[in-house]
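See below for the structure under consideration.
Just the heavy atoms: all of them, side chains too, but no hydrogens, waters or symmetry mates, feed the values below.
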Amino acid sequence: MSEPLSVTEQTRAASFAAAFADYACEKGADRQTLLSFSGLSEGDLSNQDDRIPMAFYQALIGAAIHQTGDTALLLKHTLESRLESWSNCTHLRLSGVFD
């Protein structure tokens with residue numbers, strides 16, 4: 001991902017994509033294949049507060065589902081994730097939103 005994001009482009013926090021990639025690899029996906037198929041690089045995922053295009057995130061999800069054969073992979077990741085440990089959610093929790 002080398003081009004800057006447009007103001008109107010839908011995006012996702014890089015931390016979501018990085019965590020999902022980690023989860024998919026734990027379930028048998030190959031990280032390099034995931035990144036290659038999605039158009040992302042390790043650098044794109046290295047700063048948890050960066051944004052990535054939603055299309056790249058969706059391609060990552062598709063590649064992970066294809067590699068693992070688990071069509072519920074994203075749902076399982078969502079249910080098993082500890083969102084309060086991610087920076088944006090930690091900020092919301094500390095500000096009282098989750099209390």
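- When all heavy atoms of A24 and A64 are compared, the closest pair comes out as CB-CB, 3.7 Å.
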Task: Chi angles and distances behind the side-chain contact (heavy atoms from CB on, under 4.5 Å) call for R31, E42 - done: CA-CA 10 Å; R31 190 173 191 88; E42 288 294 347; 2.6 Å; yes
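- Put simply, the side chain of L60 does not reach to within 4.5 Å of the side chain of I52, judged on heavy atoms.
- Distance check: Q10 CD to Q58 CD gives 7.5 Å after rounding to the nearest 0.5 Å.
- Considering every non-hydrogen atom in both E9 and P53, the closest pair reads OE2-CB, 3.2 Å.
- The CD atom of E80 lies 9.5 Å from the CG atom of L75; values are rounded to the nearest 0.5 Å.
- Nearest heavy-atom pair across G39 and D44 is O-OD2, 4.1 Å.
- Interatomic distance, F16 CZ to T11 OG1, rounded to the nearest 0.5 Å: 11.0 Å.
- The residues D70 and K27 are annotated as not salt-bridged, no charged nitrogen and carboxylate oxygen being separated by less than 4.0 angstrom.
- Side-chain N or O atoms of S46 include one that pairs as donor or acceptor with a backbone N or O of G43 at under 3.5 Å.
- Between C25 and L34, the shortest heavy-atom distance links the atoms SG-CD1, 4.0 Å.
- Annotation: side chain of K76 is not in contact with side chain of T68 (no heavy-atom distance under 4.5 Å).
- Residues F37 and Q67 fail the side-chain proximity criterion, which asks for heavy atoms closer than 4.5 Å.
- Put simply, the side chain of F20 reaches to within 4.5 Å of the side chain of L73, judged on heavy atoms.
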